[in-house]
Asker: 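Please see the structure below; I have some questions.
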Amino acid sequence: MKKLFTTLSNIWKIQELKERILFTLLILLVYRFVSHVVLPGVDPTALGTNEKSGILGLLDMFAGGSFSRVSILALGVMPYISASIVVQLLGIAVPSFQKMQKEGESGRKKMNQITRYLTVAITIVQSVGYVKTQVPPEAILLPNTLFLVLSTFVLTAGTLFVMWLGEKITDKGIGNGTSLIIMVGIIARLPVAISQEFSARVGSSSEGGGPVALVLEIVALFAVVMFTILIVQGVRKVPVQYAKKIVGNRQFGGVRQYIPLKVNAAGVMPIIFAQALMFIPGALTQFVPSLQGSWLIQFSNTTSLAYSLTFAFLIIAFTFFYTAITVNPTQMSDDMKKNGGFIPGVKPGFATSTFIDDVISKITFPGAVFLAIIAILPSLAVKFGIKQEFAHFFGGTSLLILVGVVLDTLQQIESYLLMRHYDGLMKTGRVTGRTGVPAASSNAAL
């Protein structure tokens with residue numbers, strides 16, 4: 001405990017780090033305050049509880065409840081995330097985007113500009129859909145056409161404002177701004193979830209179990225978090241030897257380094273893709289009433305065995321797919337060869353590329369299986385009687401984002417401490433986070 005207080009004191013002694021942390025907290029406070037501002041022309045008293053479920057509930061969690069409150073920040077940062085994913089995939093499939101990626105800083109600026117324009121287009125489309133489907137008609141105080149135009153403009157401006165806040169945190173704060181905004185939105189729902197679970201177990205509306213059941217749930221949640229950290233942090237270190245070169249009296253190279261290949265190089269993307277597909281059967285049954293009695297109806301129940309098994313299979317498949325398109329063994333082999341590096345016992349060139357690809361294939365399968373287990377844990381938690389709101393924190397996208405963002409932020413703080421010759425945040429070892437990994441680096445926002 002003494003070491004913890006000493007470390008916190010050291011953090012406060014570093015002026016730059018202190019200013020960055022305070023700036024980050026200020027921006028996050030502004031975000032949370034603005035997220036409670038309701039759209040112009042909407043009567044807040046007519047909204048009721050307006051709780052969301054399914055994928056809308058997931059979006060509401062990412063937006064910190066702004067989605068269900070009909071806030072001016074209802075769409076949050078998700079349009080920007082969608083645009084970033086589209087641009088990332090275009091960078092893999094379209095030659096012109098591949099060329100921009102290889103142009104260095106100028107190419108990165110061009111792709112960022114394209115991402116911003118695409119964010120505006122996606123936000124406008126989503127704003128129209130949101131206003132038409134998610135705002136109760138009885139809560140609208142303006143003529144429909146005027147309200148639609150005004151709300152589309154305000155929601156688009158709100159998303160751009162959140163995107164700007166995230167960029168400011170990244171530039172002048174600590175951690176990845178977009179990721180921190182999503183994390184704060186998720187954490188904002190935690191007190192409500194805990195109070196509901198407490199009320200269900202030991203409150204006046206107790207459903208049984210008592211304090212013992214609540215304690216067991218907290219212990220189980222702690223174990224799941226530790227398991228998730230292992231998956232996020234798990235790497236396979238491939239040794240790389242660099243050739244030794246002597247120039248005059250100085251030696252260059254001749255050192256051994258490692259390529260950290262992540263067990264879960266795809267991050268949360270497989271879960272997001274799989275969830276998008278899993279909501280298709282439910283949508284079909286709503287638009288085609290004749291299908292409501294078919295086998296598709298069982299996919300509307302997220303706790304059913306068919307849903308869980310199909311969801312897990314899709315996650316495993318998408319993990320291999322996304323890892324294959326984001327991790328390029330040939331590029332890694334070429335870069336290694338240009339810098340005079342080689343894997344001991346493996347010939348440079350094609351043999352090195354094949355070796356790296358084989359290692360990635362072997363570690364991706366257990367990573368995909370563990371990712372699928374984490375994804376279906378909330379459904380299992382509901383089966384054991386845990387409230388839906390609290391069950392969200394037992395796995396899935398929300399838990400992976402929380403763990404990943406916290407580790408990223410701790411890694412940056414640790415870097416500042418070590419740079420000033422202070423002890424790190426941990427007594428032994430280092431907080432490796434997700435930096436320095438060649439795979440899925442553009443996915444840092446998730």
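Along the sequence shown, residues are numbered consecutively beginning with 1.
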Asker: Got more than 12 heavy atoms from elsewhere within 6.0 Å of CG, Asn144?
Answerer: no

Asker: So Arg116 and Glu167, salt bridge (charged side-chain N to carboxylate O under 4.0 Å, His left out) or not? Walk me through it.
Answerer: CA-CA 12 Å; Arg116 292 187 178 96; Glu167 290 178 350; 2.9 Å; yes

Asker: Flag the pair Met78 / Thr159 as yes when at least one side-chain heavy-atom distance between them is below 4.5 Å, and no otherwise.
Answerer: no

Asker: Starting at OG1 of Thr24, measure out to CG of Leu28 and round the result to the nearest 0.5 Å.
Answerer: 6.5 Å

Asker: Applying ring pair (Phe, Tyr, Trp, His ring centres under 6.0 Å) as the test, list every pair that has at least one member in residues 13-37; sequence neighbours left out.
Answerer: none

Asker: Which atom names give the shortest non-hydrogen contact between Pro40 and Leu142, and what distance separates them?
Answerer: O-CD1, 4.3 Å

Asker: Apply the test side-chain contact (heavy atoms from CB on, under 4.5 Å) to residues Met336 and Thr352: give CA-CA distance (whole Å), side-chain angles for both, the deciding distance (0.1 Å), then the verdict.
Answerer: CA-CA 9 Å; Met336 199 185 307; Thr352 298; 4.1 Å; yes

Asker: Would you say the side chain of Ile401 lies within less than 4.5 Å of the side chain of Ser179, judging by non-hydrogen atoms?
Answerer: no

Asker: Take Asp334 and Lys338 through the salt bridge (charged side-chain N to carboxylate O under 4.0 Å, His left out) test and state the conclusion after the steps.
Answerer: CA-CA 6 Å; Asp334 291 342; Lys338 290 177 183 177; over 6 Å; no

Asker: Check whether Thr115 reaches the backbone of Ala83 with its side chain - one donor and one acceptor, N or O, closer than 3.5 Å.
Answerer: no

Asker: May I ask you to decide if Gly177's main-chain N or O and Thr170's side chain share a donor-acceptor pair within less than 3.5 Å?
Answerer: yes

Asker: Checking Met100 against Ile114 for the side-chain contact (heavy atoms from CB on, under 4.5 Å) test, could you report, in this order, the C-alpha distance in whole Å, the side-chain angles of both residues, the deciding distance, and whether it holds?
Answerer: CA-CA 11 Å; Met100 274 191 285; Ile114 293 172; 3.7 Å; yes

Asker: Less than 4.5 Å apart, any side-chain heavy atom of Ile140 and any of Asp43?
Answerer: no

Asker: Between Val86 and Ser82, does a side-chain contact (heavy atoms from CB on, under 4.5 Å) hold up when you go through it step by step?
Answerer: CA-CA 6 Å; Val86 171; Ser82 302; 5.5 Å; no

Asker: Roughly how far apart are Ser106 OG and Met111 CE, rounded to 0.5 Å?
Answerer: 12.0 Å

Asker: Hey, does Glu19 have a side-chain heavy atom less than 4.5 Å from the side chain of Gln15?
Answerer: yes

Asker: Any donor and acceptor pair, going by atom type alone, linking the side chain of Tyr130 with main-chain N or O of Phe67 inside 3.5 Å?
Answerer: yes

Asker: Decide if atom CZ of Phe370 counts as having more than 12 heavy atoms of other residues, nucleotides or ligands within a radius under 6.0 Å.
Answerer: no

Asker: For Ser71, is there any backbone N or O sitting under 3.5 Å from a side-chain donor or acceptor partner on Ser66?
Answerer: no

Asker: Return the minimal non-hydrogen interatomic distance between Val232 and Lys262, and the atom names on each side.
Answerer: O-NZ, 2.5 Å

Asker: Could you check whether any side-chain heavy atom of Leu190 comes within less than 4.5 Å of a side-chain heavy atom of Phe393, counting everything from C-beta outward?
Answerer: yes

Asker: Verify whether the ring centers belonging to Tyr322 and Phe318 lie closer than 6.0 Å.
Answerer: no

Asker: As an exercise, state the distance from CG of Leu165 to CG of Leu160, rounded to the nearest 0.5 Å.
Answerer: 11.0 Å

Asker: Short question: side chain of Ser195, backbone of Val192 - any donor-acceptor pair under 3.5 Å?
Answerer: yes

Asker: Might you work through the side-chain contact (heavy atoms from CB on, under 4.5 Å) test for Tyr80 and Ile122, ending with a clear yes or no?
Answerer: CA-CA 8 Å; Tyr80 175 67; Ile122 292 175; over 6 Å; no

Asker: So which heavy atom on Ile376 is nearest to which on Phe311, and how close?
Answerer: CG2-CD2, 4.0 Å

Asker: Tell me, do Ile259 and Lys237 make a side-chain contact under 4.5 Å, heavy atoms counted?
Answerer: no

Asker: Determine whether Thr364 and Val327 make a side-chain contact, defined as any pair of heavy atoms from C-beta on separated by less than 4.5 Å.
Answerer: no

Asker: Is it true that a side-chain atom of Gln412 and a backbone atom of Gly175 form a donor plus acceptor pair closer than 3.5 Å?
Answerer: yes

Asker: What's the shortest heavy-atom distance between Thr123 and Leu155, and which atoms?
Answerer: CG2-O, 3.9 Å

Asker: If you compare all heavy atoms of Ile363 against all heavy atoms of Leu261, which two are closest, and at what distance to 0.1 Å?
Answerer: CD1-O, 3.6 Å

Asker: Which distance, rounded to the nearest 0.5 Å, do you find between the CD1 of Ile229 and the CZ of Phe227?
Answerer: 12.0 Å

Asker: Ignoring hydrogens and geometry, is there a side-chain-to-backbone donor-acceptor pair from Ser35 to Arg32 under 3.5 Å?
Answerer: yes

Asker: Hey, could you give me the CG/CG distance between Leu180 and Asp408, rounded to the nearest 0.5 Å?
Answerer: 8.5 Å

Asker: How close do Phe342 and Pro348 get, heavy atom to heavy atom, and via which atoms?
Answerer: CB-CG, 4.4 Å

Asker: State, without any angle test, whether Gln331 and Asp335 hold a side-chain donor-acceptor pair at a distance under 3.5 Å.
Answerer: yes

Asker: How many angstroms lie between atom CD1 of Ile181 and atom CD1 of Ile186, to the nearest 0.5 angstrom?
Answerer: 12.5 Å

Asker: Would you say the side chain of Val42 lies within less than 4.5 Å of the side chain of Leu141, judging by non-hydrogen atoms?
Answerer: no

Asker: Any sub-3.5 Å donor-acceptor pair from Ser151's side-chain atoms to Phe147's backbone N or O?
Answerer: yes

